[in-house]
Amino acid sequence: MKIICIGRNYAKHIKELANEKPKEPVIFLKADSSILPKRNPFVIPPFSDDVHYEVEILVKINRVGKYIDQKFANKYYDEIGLGIDFTARDLQSKLKEKGLPWEKSKAFDGSAVIGDFKPKQDYNLESIKFQLLKNNELVQNGNSIDMLWKIDEIISYVSQFFTLKKGDIIFTGTPEGVGKVNIGDVLVGKIEDKEIFKVNIK
Ligand code: ZN
């Protein structure tokens, strides 16, 4: 399986990182080895002093597809989840400056938290409310209504480049409020006030 991530999909997050608003979605990949095994803590890697959480809505692909038309994109997923795209921001900034690929800062071991998936019928896809709490304090408060590229547009766009396969997961981008994690932090992700994942930082 592969993990496809969308960058810069929320206007206010683009501002907070002083990035430019892209004309097309920014795409990068994580590896299957990036997945943090369920119930494992996230261990801050030795190569970074500034690992950030980014809470994101996840979409699980349910069948093979390429060149998917936007109007049929909804047939390619049944389940919605929530996760974290952990990012070694210090390393990413250096790579960005040099125009180098981001993988070392985005696809390292444990960098993909994948919470539980629920049937998409459980949600109003146009307006999914999701939150990240750090040590019980609300740090990110998002709504899919603010996505620059909606789920169906993302699936159509991504499938022009990569064949989507059953089990692939799309990280749809993070809203504003990203920040650093420290040893001892506890991160809880919620959709519509229901807990979807909990991660201890070590
Ligand atoms: Zn992200």
Does the side-chain contact (heavy atoms from CB on, under 4.5 Å) test come out yes or no for Lys2 and Lys165, once each step is laid out?
-> CA-CA 8 Å; Lys2 58 187 170 296; Lys165 292 187 177 177; 4.3 Å; yes

Of Leu187, Val178, Leu132, Leu133, which meets side-chain contact (heavy atoms from CB on, under 4.5 Å) against Val139?
-> Leu132

Ring centroid separation Phe86 to Phe108 under 6.0 Å | no

Looking only at non-hydrogen atoms, find the nearest pair between Glu153 and Leu148 and report the distance.
-> OE2-O, 4.3 Å

Check against side-chain contact (heavy atoms from CB on, under 4.5 Å), Val64 and Leu164 | CA-CA 5 Å; Val64 176; Leu164 294 176; over 6 Å; no

Answer whether the closest heavy-atom distance between the side chains of Tyr123 and Ile191 falls below 4.5 Å.
-> yes

Excluding sequence neighbours, so at least two apart, what forms side-chain contact (heavy atoms from CB on, under 4.5 Å) with Lys180?
-> Asp50, His52, Asn182

Evaluation steps, side-chain contact (heavy atoms from CB on, under 4.5 Å), between Ser48 and Leu91 | CA-CA 7 Å; Ser48 178; Leu91 186 52; 5.6 Å; no

CD of Glu16 to OH of Tyr10: how many Å apart, nearest 0.5 Å?
-> 13.0 Å

Can you name the closest pair of heavy atoms from Glu195 and Lys198 and give their distance?
-> OE2-CB, 3.6 Å

Cation-pi between Lys190 and Phe130: NZ/CZ under 6.0 Å from ring centre and within 45° of the ring axis?
-> no

If you draw a 6.0 Å radius around CD in Glu126, do more than 12 non-hydrogen atoms from other residues or ligands fall strictly inside?
-> no

Does Val113 share a hydrophobic cluster with Ile183, counting links as ILVMFWY side-chain heavy atoms below 4.5 Å and allowing steps through other members?
-> yes

The reported gap from CH2 in Trp149 to CD1 in Ile154 (rounded to nearest 0.5 angstrom) is 9.0 Å

NZ (Lys194) with more than 12 external heavy atoms under 6.0 Å = no

Does a salt bridge link Glu79 with Lys60, judged by any charged N lying under 4.0 Å from a carboxylate O?
-> yes

Non-hydrogen atoms of Gly184 and Asn135 that approach each other most closely | O-OD1, 4.2 Å

Any pair with a residue in residues 93-113 that passes salt bridge (charged side-chain N to carboxylate O under 4.0 Å, His left out), sequence neighbours left out, goes on the list, sorted by first then second residue, please.
-> Glu54-Lys106, Asp85-Lys106

Do Thr174 and Gln140 have side-chain atoms, one donor and one acceptor, less than 3.5 Å apart?
-> yes

Going by distance alone, is a donor N or O of one side chain under 3.5 Å from an acceptor N or O of the other, for Asn74 and Asp152?
-> no

Atom of Ser159, atom of Ser156 and distance for their closest heavy-atom approach = OG-O, 3.0 Å

Please check if the distance between the ring centroids of Phe161 and Tyr157 is under 6.0 Å.
-> yes

Compare all side-chain heavy atoms of Leu17 with those of Arg8 and state whether any distance is below 4.5 angstrom.
-> no

Between Ser127 and Asn124, is there a donor-acceptor pair closer than 3.5 Å when you use the side chain of the first and the backbone of the second?
-> no

Test side-chain contact (heavy atoms from CB on, under 4.5 Å) applied to Asp193 and Gln131, step by step | CA-CA 8 Å; Asp193 289 326; Gln131 300 179 320; 3.7 Å; yes

Glu137 CD: over 12 foreign heavy atoms closer than 6.0 Å = no

Quick one: does Lys166's side chain get under 4.5 Å of Arg63's, heavy atoms only?
-> no

Search all heavy atoms of Thr172 against all heavy atoms of Asn9 and return the closest pair with its distance.
-> O-ND2, 2.9 Å

Any side-chain heavy atom of Ile80 within less than 4.5 Å of one from Val59?
-> yes

Is the side chain of Ser93 donor-acceptor paired with the backbone N or O of Arg89 at a distance under 3.5 Å, no angle test?
-> yes

Heavy atoms, side chains only, cut-off 4.5 Å: are Ile68 and Tyr76 in contact?
-> yes

Can Tyr53 be reached from Phe47 by stepping across I, L, V, M, F, W or Y side chains whose heavy atoms are under 4.5 Å apart?
-> yes

Looking only at non-hydrogen atoms, find the nearest pair between Ala107 and Leu29 and report the distance.
-> CB-O, 4.0 Å

May I ask you to test the Asn19-Val26 pair for a side-chain heavy-atom distance under 4.5 Å?
-> no

Among Ile, Leu, Val, Met, Phe, Trp and Tyr joined by side-chain contacts under 4.5 Å, find the other residues sharing a cluster with Phe117 and list them by chain and number.
-> Met1, Ile3, Ile35, Leu58, Ile114, Ile169, Phe171

Just wondering, more than 12 heavy atoms not from Asp49 lying within 6.0 Å of its CG?
-> no

Side-chain heavy atoms of Phe162 within contact of Ile27, under 4.5 Å | yes

At what distance, to the nearest 0.5 angstrom, does CG of Asn143 lie from NZ of Lys129?
-> 7.0 Å

Residues Lys71 and Asp69 bridged, charged N to O under 4.0 Å | yes

Do Ile155 and Ile170 have side chains that get closer than 4.5 Å, going by heavy atoms?
-> yes

